[in-house]
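Please read the structure below before turning to the comments.
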There are 2 protein chains.
Amino acid sequence: MANIRKISELAGVSVATVSRVLNNPSTVSEETRNRVIQVIEEMNYVPNSIARSLTTNRTSTIGLIIPNILNPLYPSIAKGVEDVFYKKGYNILLSNTEYDAKREKACIEMLLSKKVDGLIICSSALKNTEFNIITKQKVPFVLLGDYVEDSDINVVYTDYLLGAYMATTHLIKAGYKTIAHISGPMNRRVSIEKLEGYKKALCESGYKYDDEYVITGNNQIDGGHLALKKILKKKGKPDAIFVANDLMALGAIEAIKVAGYTVPGDIAVVGFDDIDVASLVEPKLTTITHPVYRMGLTAARLLLDNVLTEEEECFKQKIFIQPMLKVRKSCGYDNRIEEIFS
Amino acid sequence: MANIRKISELAGVSVATVSRVLNNPSTVSEETRNRVIQVIEEMNYVPNSIARSLTTNRTSTIGLIIPNILNPLYPSIAKGVEDVFYKKGYNILLSNTEYDAKREKACIEMLLSKKVDGLIICSSALKNTEFNIITKQKVPFVLLGDYVEDSDINVVYTDYLLGAYMATTHLIKAGYKTIAHISGPMNRRVSIEKLEGYKKALCESGYKYDDEYVITGNNQIDGGHLALKKILKKKGKPDAIFVANDLMALGAIEAIKVAGYTVPGDIAVVGFDDIDVASLVEPKLTTITHPVYRMGLTAARLLLDNVLTEEEECFKQKIFIQPMLKVRKSCGYDNRIEEIFS
DNA sequence: GTGAAAGCGCTAACAA
DNA sequence: TTGTTAGCGCTTTCAC
């Protein structure tokens, strides 16, 4: 492979001049520049980014850490992130963590050792102290869908508690009496907040909270399926369920059908995320919607600002996004309203 | 940030010894080794991968090039690839190309300049000559879902022509007379082969091929929607449609409903890919299934062999995968059979 | 078992 | 405008 010295020799100039043509073309006379460019093209020369990174201390690479690319939420986020960074000449180094805190830590360590210019971390289980490892290396990062009190950390956050509250309240208003909850992995702040929102809604309406009606799932389809079966076994049929994400909601609906019940007739379901599929399944899923692709964009832009800033210290932001309730069929709201008013 | 020299000074040894502890612990006496390890841990030292890469000429990074992460096909593939490579200590550098040949070329160039150890390229529009750029740099790569005659190229390939043939033949056997086709972008070999399979099936059954019944879409939901509207406008209602991928099939079904027709009653639909959603929508989508996650795994393993091989030349493989027809509701086969036999 | 030193390919400060 | 040269942080010969 050709390197910069070879090019410089062929063009009859110094390596510095070749480097200038590459990085500051205007500082080289037109004549020399053209000669160098010609050699570069003839030789199909492409500079070695690794060597460049070693001197510049920049890699034009961003690390993206997500729990599981198979959850349609994350491709949307990844697309948002990539759409921003591709334009600026950055690549994305992707890692799945499978909701495993150990693996999360290992990924971050790998990405840091590869000297990414920035990091976007989705739904992490890391402690505040662990973010210090990143901060200490002066690598800017953004937490996406996760929240940390520390004011020195960038956050793009949906108000999950509110979303869960809205979902549960909606079920209460529709007249359901026994409302179960399938939660996500409990080492995630996101899951805890959704549970809190669920509790808050119950409490405000004078419903009794019963933790036997709360089952934890793995955020995937099969987890929802399993969780629903557990609920049926343990407590019998609830009227309604608020499920912490759409994927599990789909699994739960499947399990409800398998058990011989109908949705929403026997059990109403509300999910969370509003993934594309939600409006395609039967019955169409009532869910909490938040602008996932846009959150990816937002996090990326926020990070980009921090990456490009020369100053050591730059302003950190916490961006909150308000979720919305999307009423479709699976919550049986329409039917209920008729019942209530007839 | 601590570097290897600092560690060596603190441990009272040379940098070479620290490097040995890191890479060949057994060549260092236990006493020295422990002392070095202790310093490393105290300082939270993590070696700089960039510097390491510059000397070793290996980055432990694999480039993955896909058209669009929002098509659920590709997260599955990405998961397969990552599952293999994560275990071996590699990271994945991900690029979306948006089915754009220019962007594909640019991505490959970027990834090569970042010195990835290997490359997995999905559904490319590159010419044979362009693969030589990669070969010349001695970077092993695998084509996934694409095919090139050159015997010196690794390929993991579904027999798309056969799949399309199966889909179309199925519609013919079900008794449909006017069968349209929504194809993918025609700069993709995959799309061309599917069209060929469609033609072959028509031809063998004595149907006349009419290219006015073939509309090209963008492989996304909206593309299917649009394509269907075009067909209706141009040629009126066909009996059935074979759609080149499931995403477009979903869009087409939507458009059919909007136009006031039913699926499969008025227009039968068969897709291609068998993405998860296919079995969740209403009507459930009849489609051609191929083991996407497994293809990702397979491509990754194949690449891994090539990456790990010290020898310049290693055996290249072409792995063919046979697709299968998955009959669900959208093709109306059941109804037809009843009609035919009653 | 350990250390000294060359060098990976590039950038950037300084000199000319 | 151009060239010389010192690193960037590591691995890897080659001595000892």
Side-chain angles (χ1 to χ4, degrees), chain A residues 1-37 39-40 43-61 89 110 112-117 137-139 310, chain B residues 1-37 39-40 43-61 109-110 112-117 137-139 310:
Chain A
M1 275 307 301
N3 60 20
I4 199 172
R5 194 160 67 239
K6 195 159 183 182
I7 302 297
S8 74
E9 284 164 8
L10 290 172
V13 295
S14 71
V15 291
T17 299
V18 178
S19 178
R20 284 190 197 99
V21 171
L22 257 21
N23 303 301
N24 281 93
S26 64
T27 64
V28 178
S29 76
E30 196 179 334
E31 197 196 323
T32 335
R33 197 197 316 146
N34 288 335
R35 201 166 63 242
V36 172
I37 289 176
V39 176
I40 286 178
M43 302 294 294
N44 274 314
Y45 168 70
V46 179
N48 181 329
S49 296
I50 298 292
R52 174 178 285 171
S53 295
L54 189 57
T55 42
T56 59
N57 227 5
R58 284 174 290 107
T59 54
S60 298
T61 303
M110 269 188 98
L112 287 178
S113 89
K114 292 199 172 168
K115 303 293 163 187
V116 291
D117 292 341
Q137 308 221 10
K138 305 204 200 314
V139 176
E310 293 297 320
Chain B
M1 275 306 302
N3 59 21
I4 199 171
R5 195 160 66 238
K6 195 160 184 182
I7 302 298
S8 74
E9 284 164 7
L10 289 173
V13 296
S14 71
V15 290
T17 300
V18 178
S19 179
R20 283 189 196 102
V21 171
L22 256 21
N23 303 300
N24 281 93
S26 63
T27 65
V28 179
S29 78
E30 199 179 334
E31 198 195 322
T32 333
R33 197 197 315 146
N34 288 334
R35 201 166 63 242
V36 172
I37 288 175
V39 176
I40 286 178
M43 302 294 295
N44 274 316
Y45 168 70
V46 179
N48 181 329
S49 295
I50 298 292
R52 175 177 283 171
S53 294
L54 189 57
T55 41
T56 59
N57 227 5
R58 283 174 290 108
T59 54
S60 299
T61 302
E109 209 160 83
M110 270 188 97
L112 287 178
S113 91
K114 292 201 171 166
K115 303 294 163 186
V116 291
D117 292 341
Q137 307 222 11
K138 305 205 199 315
V139 176
E310 292 298 320

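To find a chain, count down the sequence lines: A is the first, B the second, and so on, and within it residues start at 1. The shown structure was predicted, so the numbers you read here are calculated from the model rather than taken from an experiment.
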Could you state the CD1-P distance from A:I4 to D:dT5, rounded to the nearest angstrom?
16 Å
So which nucleotide from C:dC10, C:dA5, D:dG3 ends up closest to the side chain of A:R20?
D:dG3
Compare side-chain N and O positions of A:T56 against OP1 and OP2 of C:dA12 and report whether any pair is under 4.0 Å apart.
no
Below 4.0 Å: OP1/OP2 of C:dT11 and any side-chain N or O of A:S19:
yes
Would you say B:Y45 places a side-chain N or O within less than 4.0 Å of OP1 or OP2 belonging to D:dG9?
no
A:A16 side chain, from C-beta outward: closest of C:dA12, C:dG3, D:dC8
C:dA12
Looking only at side chains, do B:S49 and A:S113 share a donor and an acceptor under 3.5 Å apart?
yes
Nearest-Å distance for atom pair CD/P, residues B:E30 and C:dT2
11 Å
Do any side-chain nitrogens or oxygens of B:S14 fall under 4.0 Å of OP1 or OP2 in C:dG3?
yes
Under 4.0 Å between any heavy atoms, over every strand shown, what does A:T17 touch: base, sugar-phosphate, or nothing? Just pick one.
sugar-phosphate
Can you see if the side chain of A:S53 gets near the phosphate of D:dC8 - specifically, an N or O under 4.0 Å from OP1 or OP2?
no
So what does B:T32 touch, heavy atoms closer than 4.0 Å: a base, only the sugar-phosphate, or nothing?
sugar-phosphate
Would you say a side-chain N or O of B:N3 is under 4.0 Å from OP1 or OP2 of D:dG9?
yes
With no hydrogens and no angle check, is any side-chain donor or acceptor of A:K114 less than 3.5 Å from a backbone partner on B:S60?
yes
Would you find a donor on one side and an acceptor on the other, under 3.5 Å apart, between the side chain of A:R33 and the backbone of A:V21?
no
Any sub-3.5 Å donor-acceptor pair from B:N24's side-chain atoms to B:R20's backbone N or O?
no
When we call it a touch if two heavy atoms are under 4.0 Å apart, what does B:N23 touch: a base, just sugar-phosphate, or nothing?
sugar-phosphate
